[in-house]
2 protein chains.
Amino acid sequence: MVDTLGSSKLGQSAEDYLEAVLVLGQSGHVVRVTDLAERLAVSKPSVVAALASLGGKGLVKHERYGGVELTVRGTMLAEEVYRRHQLLQKFLRDVLGVPDAVAAKDACRIEHVLSPETVERLVEFVREHGNGEPVSLSHMREHLDRPEGKPKRSGR
Amino acid sequence: MVDTLGSSKLGQSAEDYLEAVLVLGQSGHVVRVTDLAERLAVSKPSVVAALASLGGKGLVKHERYGGVELTVRGTMLAEEVYRRHQLLQKFLRDVLGVPDAVAAKDACRIEHVLSPETVERLVEFVREHGNGEPVSLSHMREHLDRPEGKPKRSGR
DNA sequence: TAACATTGTTAGACACCCCTAACTATACTA
DNA sequence: TAGTATAGTTAGGGGTGTCTAACAATGTTA
């Protein structure tokens, strides 16, 4: 097995790193360890370690004290993750009507575990319902009455 | 903070164990390590370790070579997870039209990371759309034509 | 009750992912 | 160019969660 696109299972966080490199790279600037650390809210040593691992898998290039770049394979993988993320976020935001910040956060955490079937369904669903009203407005109004649904976790 | 219901963050798998104890216990039988190991597709030592951890958190009682029981707090937590799981699975299955087996698997993996806001939205969405046709039938039919969308990962 | 089968536990490893402290390299600036 | 500031790295840990191998307790049955 030569290990093409999706075969090497990347573990939760590896995909996050890949996606982050992709997104940061889109700004045109060189992607640095510090940028990644900040974006992922992680220490720089963690970034270095992750990059070493991804480098070993042929997904990123990272020269010492230099910039970070995605390889071709890394780019493909990253874009796949990124698309999934966008899809999910759009779904949560536009279809379910989840607040944007929450949608972003949840998308981050769900994007790695969706099976292809569910992704497909989601694609269609967004295509069809993505521009309508999120849920029903009558229900929305109910929520305006009570400040918080059930603030279990303190974390925002 | 005295650590009421949702405050102690339980880590991905802890919730799975809790939920499994709840479900297995509903059959009326004593819940054994072996049952849990089988249900969660995990080794028995893993179960024992997990139970020790959960025991330390006051969520389960497990006497050596004996049965496993949920404490009151454990039960509350487990039921919360279970409800979330059911909701998610119903959503995936009935609203999105994801095949049942996939819905179950994805629900398992997503249920731990949903924020309360998203859960609420999902509840409403299922309440409103849960009995209609999943996605649109026209699209469904497209899929019947091509056997697989894109079999990236070998897994289901 | 002795022997075997089943069930549960302990011990020891490994993978993943994260952290802090301390050090090194590079960049900036006076 | 010396000195400082910034960026990056290495070393050393910790927590979680999983596994296999080996051992211990319990249960079953002849």
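- Going from atom NE2 of B:His62 over to atom C1' of C:dT10 covers 13 Å, rounded to whole Å.
- Atom CG in A:Leu36 sits roughly 9 Å away from atom P in D:dG8 (whole-Å rounding).
- Nucleotide D:dC23 holds its C1' atom 8 Å from the OH atom of B:Tyr65, rounded to whole Å.
- Between the side chains of A:His85 and A:Glu111, at least one donor N or O lies within less than 3.5 Å of an accepting N or O.
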Legend entry - CA sep, side-chain torsions, deciding dist, call: A:Arg121, A:Glu117, salt bridge (Lys or Arg N to Asp or Glu O under 4.0 Å): CA-CA 6 Å; A:Arg121 290 266 93 85; A:Glu117 290 94 331; over 6 Å; no
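- D:dT18 atom C1' lies 12 Å from atom CG of B:Leu40, rounded to whole Å.
- A pairwise comparison of heavy atoms in B:Gly67 and B:Val30 identifies CA-CG1, 3.5 Å as the closest pair.
- Between A:Arg32 atom CZ and C:dT26 atom P the separation is 16 Å, expressed in whole Å.
- Contact check, A:Ser43 against C:dC19: a side-chain N or O comes under 4.0 Å of OP1 or OP2.
- Rounded to an integer number of Å, the gap from NZ of A:Lys57 to P of C:dC16 is 6 Å.
- For B:Ser13, taking side-chain heavy atoms from C-beta onward, the closest of the listed nucleotides D:dG17, C:dT20, D:dC19 is D:dG17.
- Across the protein-nucleic acid pair, B:Lys44 atom NZ and D:dA21 atom C1' stand 13 Å apart, rounded to whole Å.
- D:dT18 atom P lies 13 Å from atom CD of A:Gln12, rounded to whole Å.
- B:Thr71 places a side-chain N or O within donor-acceptor distance of the main-chain N or O of B:Gly58, the cut-off being under 3.5 Å.
- Closest contact between the side chain of A:Tyr17 and the listed nucleotides C:dT9, C:dC18, D:dT10 involves C:dC18.
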